[in-house]
Amino acid sequence: MPVPADHFFFIDPHRCIGCEACVQACTECDTHKGHSMIHLEYVDRHESPQTFPVVCMHCDSPTCAEVCPADAIKRTDDGVVQSARKPRCIACNNCVLACPFGVPKMHTGMELMMKCDMCYDRSSEGKRPMCATVCPSQALFYGTREQIEQLRPRSRPINEFHFGQQTIHTKVRMMVPRESAVTHLDVMDSMFDADAPPEIDNTDDLMLAGATFKLPVVSQR
Amino acid sequence: MKPRALSHETLIAALSGIAATLLVGIAILIGSRRLSHFDAALVGYTFATLFATFGIAYRFVMWLQRPPTAMYWKRGWQVFLRPQSLGRNFVLWVRRMVSVFFANSFIWRRGWIRGAAHWLIMWGCILASAITFPLVFGWIHFEFDGDGFDRYRAFFFGFPTVAFGIESLLGFLIFPGLVWASFLVIPGVMLAMRRRMRSRDTLVLQSFGEDFLPLLLLFAVSVTGLMLVVSYEWMRGYAYEFLAITHAVTVIFTLLWLPFGKLFHIFQRPAQLGVLFYKDAGARGEQALCARCQTPYASRMHIEDLIEVERQLGYRYDVPHGPTDHYQRICPRCRRLSLALAQDHLWRASPTTEP
């Protein structure tokens, strides 16, 4: 059964309070029993208690799957990028190093890459992923567009990310300020200067639309 | 211009398939001494094997031509055959063959039911293949030794080898070899089936052709094989012909399915060894430092290879104006951090402070 088409994962790292409920809940998911697929990171542990959770963004054109020499990572027709298939994964670490969001985890002892699969055993039955069921601040939220618009009137979701010249579209949405003019998030903007203001760059919509490299939406089974 | 019927990759794969099939065919002719020891009753198995050889070689070569696979295939051999580490690599290869392939150590770590199921099925299939293929191809045949009828001599490629009594321990181990193989495969299939029917992680993603059919085929081969033994040992050959045909059908279907389904992982899996040697070489070589946090996060060789593979695949993670030339030179943690910071900055720049 596919994940319902009107349900989306909305993430808002800004709202994370660092309770780690998502990390614990993640381990209870049957598709990765006992292993948490969430990265809960501190921005700068010496300076601030600010944390943020990282889950798989489920790219339309998943780099992890494309660079896999064993062809072990598949994206189901409903847009969920699955963990590596166990008979095929050769633990080369390509996916871990290639993912632009830094998501996959390598379990060297088991020679197996595991990653967030949106709790596919649950989401494919219409249930919420484990992390979204427990997140008290709704930094991780799973539901419909109408629900998120009602909950977050001052936010709006985007799913376009730029990494250098590469554009990646994702199934998972990230919340940004409604008033902000951005159409995408450029990850390089804040990479080397944490205090640098973001550049509002909407050239995609204008004459330079071809300047970034967009990839076709692929579906693999 | 007339469109090409076959792509370059398809042509190479098809030619490789034909070459592999011809090689097996020639080996059958030589091993059976121009078919003089070839059992005509087993011709169906032979043609199924030849078809499977073509399919496996075709798919294998198609797979090898994918940019990431081609890169690691090439690099794996390069690092393994480096003269300065060849001796150490050979010792490691033997050790890894034992722990990774013979013992399946990494699969046991994924779960004991999974480990037990795989180990039993794998060894059952290896034993059965080691018996069946040489017999089918005429590479091994048995003749009475001497004037009596109580001793056999095995011939390999037409050359006489060991002789043993029919009632001896060796005879007891060799002749019912396929029975022993089925005693391994059947419990392995049972354990795998149990997992497929009970584990929610498998229930959600499994498909009939990929996951169930190989198990059902292995089970059918084993059970029909055992039924043949029961028929001629204890039932005076009751329904033997029917059972022989049924058994042949199950084996032939399994052979034909080899290139298509999950069982193809048998031929992909050795790549794991190449990866281990690649990792060894990477650990001994220069390390890549993250362009942001300056900490080592992978081998330099791996990062350069990955950049090349991404370019071949059409990805453009190049950073034309910045402190680094490519996004791949950022470690995974700094990537996660930068994404969150980029979002955080939008909120800081926004007049709305509360999301």
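Per chain, numbering begins at 1; letters A, B, ... match sequence-line order. Because only heavy atoms are used, hydrogens play no part in the values below, and waters and symmetry mates are left out as well, while side chains stay in.
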Let me know if [X] has heavy atoms under 4.5 Å from chain B in its side chain, its backbone, both or neither.
X     : value
A:C29 : neither
A:L97 : both
A:F52 : side chain
A:C16 : neither

Straight-line distance of [X] [atom1] to [Y] [atom2], nearest 0.5 Å:
X      : Y      : atom1 : atom2 : result
A:C92  : B:D305 : SG    : CG    : 11.0 Å
A:M174 : B:L346 : CE    : CG    : 9.5 Å
A:T63  : B:Y327 : OG1   : OH    : 10.0 Å
B:E310 : A:E66  : CD    : CD    : 10.5 Å
B:L341 : A:H14  : CG    : NE2   : 11.5 Å
B:S338 : A:F101 : OG    : CZ    : 12.0 Å

- Message: Does anything in residues 37-46 of chain A reach chain B? List residues with heavy atoms under 4.5 Å apart, or say none.
- Response: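 Checking residues 37-46 of chain A against chain B gives A:H39, A:E41, A:Y42, A:V43.
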
Evaluate the side-chain proximity of [Y] to [X]: yes if any heavy-atom separation is below 4.5 Å, no if none is.
X      : Y      : result
A:D189 : B:H345 : no
A:T108 : B:F106 : no
A:K33  : B:D201 : yes

When you measure from the side chain of [X] to the backbone N and O of [Y], does any donor-acceptor pair fall under 3.5 Å?
X      : Y      : answer
B:R109 : A:M110 : no
B:W63  : A:P69  : yes
B:R336 : A:G102 : yes
A:Q165 : B:P320 : no

Identify which part of [X] has an atom lying under 4.5 Å from any heavy atom of chain A, answering side chain, backbone, both or neither.
X      : value
B:L339 : both
B:L203 : neither
B:Q328 : side chain
B:Y278 : neither
B:R200 : both
B:Y317 : both
B:Q312 : neither
B:I307 : neither
B:W108 : neither

- Message: Only heavy atoms, only distances under 4.5 angstrom. Which residues in residues 269-276 of chain B are near chain A?
- Response: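 Answer by number: B:R269, B:A271, B:Q272, B:V275, B:L276.
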
- Query: Who in residues 111-119 of chain B is close to chain A, using a strict under-4.5 Å heavy-atom cut-off?
  - Reply: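 Residues of residues 111-119 of chain B touching chain A at under 4.5 Å: B:R114.
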
- Does the pair A:D12 and B:Q343 meet the rule for a side chain to side chain contact (heavy atoms under 4.5 Å, CB included), with working shown? CA-CA 8 Å; A:D12 197 346; B:Q343 193 240 15; 2.6 Å; yes

- Any side-chain donor-acceptor pair under 3.5 Å between B:D344 and A:Q50?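 A:Q50 and B:D344 do not have a side-chain donor-acceptor pair below 3.5 Å.
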
- Would A:N94 and B:H302 count as having a side-chain donor-acceptor pair, cut-off 3.5 Å?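 Judged by distance alone, the side chains do pair up.
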
Identify which of [options] forms the greatest number of heavy-atom pairs closer than 4.5 Å to chain A.
options                : value
B:L306, B:V309, B:I330 : B:L306
B:A70, B:G322, B:A291  : B:A291
B:R333, B:H265, B:R110 : B:R110

- Message: For B:Q78, give me all partners under side chain to side chain donor-acceptor pair (under 3.5 Å), at least two apart in sequence or on another chain.
- Response: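 Side chain to side chain donor-acceptor pair (under 3.5 Å) check on B:Q78 returns B:R75.
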
Count the heavy-atom pairs under 4.5 Å between each of [options] and chain B, then report the option with the highest count.
options               : value
A:P104, A:C89, A:S124 : A:C89
A:R88, A:E125, A:K86  : A:K86
A:P87, A:A91, A:C99   : A:P87
A:L185, A:T31, A:V54  : A:L185

- Item | Heavy atoms of other groups near B:Q294 CD, more than 12 under 6.0 Å |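 For B:Q294, atom CD is crowded (more than 12 foreign heavy atoms under 6.0 Å).
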
- Residue B:R95 excluded, over 12 heavy atoms near CZ under 6.0 Å: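 Count not over threshold, so no.
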
- Query: What do the steps show when you test B:L205 against A:T76 for side chain to side chain contact (heavy atoms under 4.5 Å, CB included), and what is the final call?
  - Reply: CA-CA 9 Å; B:L205 278 172; A:T76 41; 4.2 Å; yes

- Evaluate the criterion side chain to side chain donor-acceptor pair (under 3.5 Å) for residue pair B:Q268 and A:D71; output intermediate values, then yes/no. CA-CA 10 Å; B:Q268 291 179 305; A:D71 201 15; 5.9 Å; no

- Begin with the C-alpha distance, continue with both residues' side-chain angles, and end with the deciding distance and a verdict on side chain to side chain contact (heavy atoms under 4.5 Å, CB included) for A:S180 and B:W347. CA-CA 9 Å; A:S180 173; B:W347 281 107; over 6 Å; no

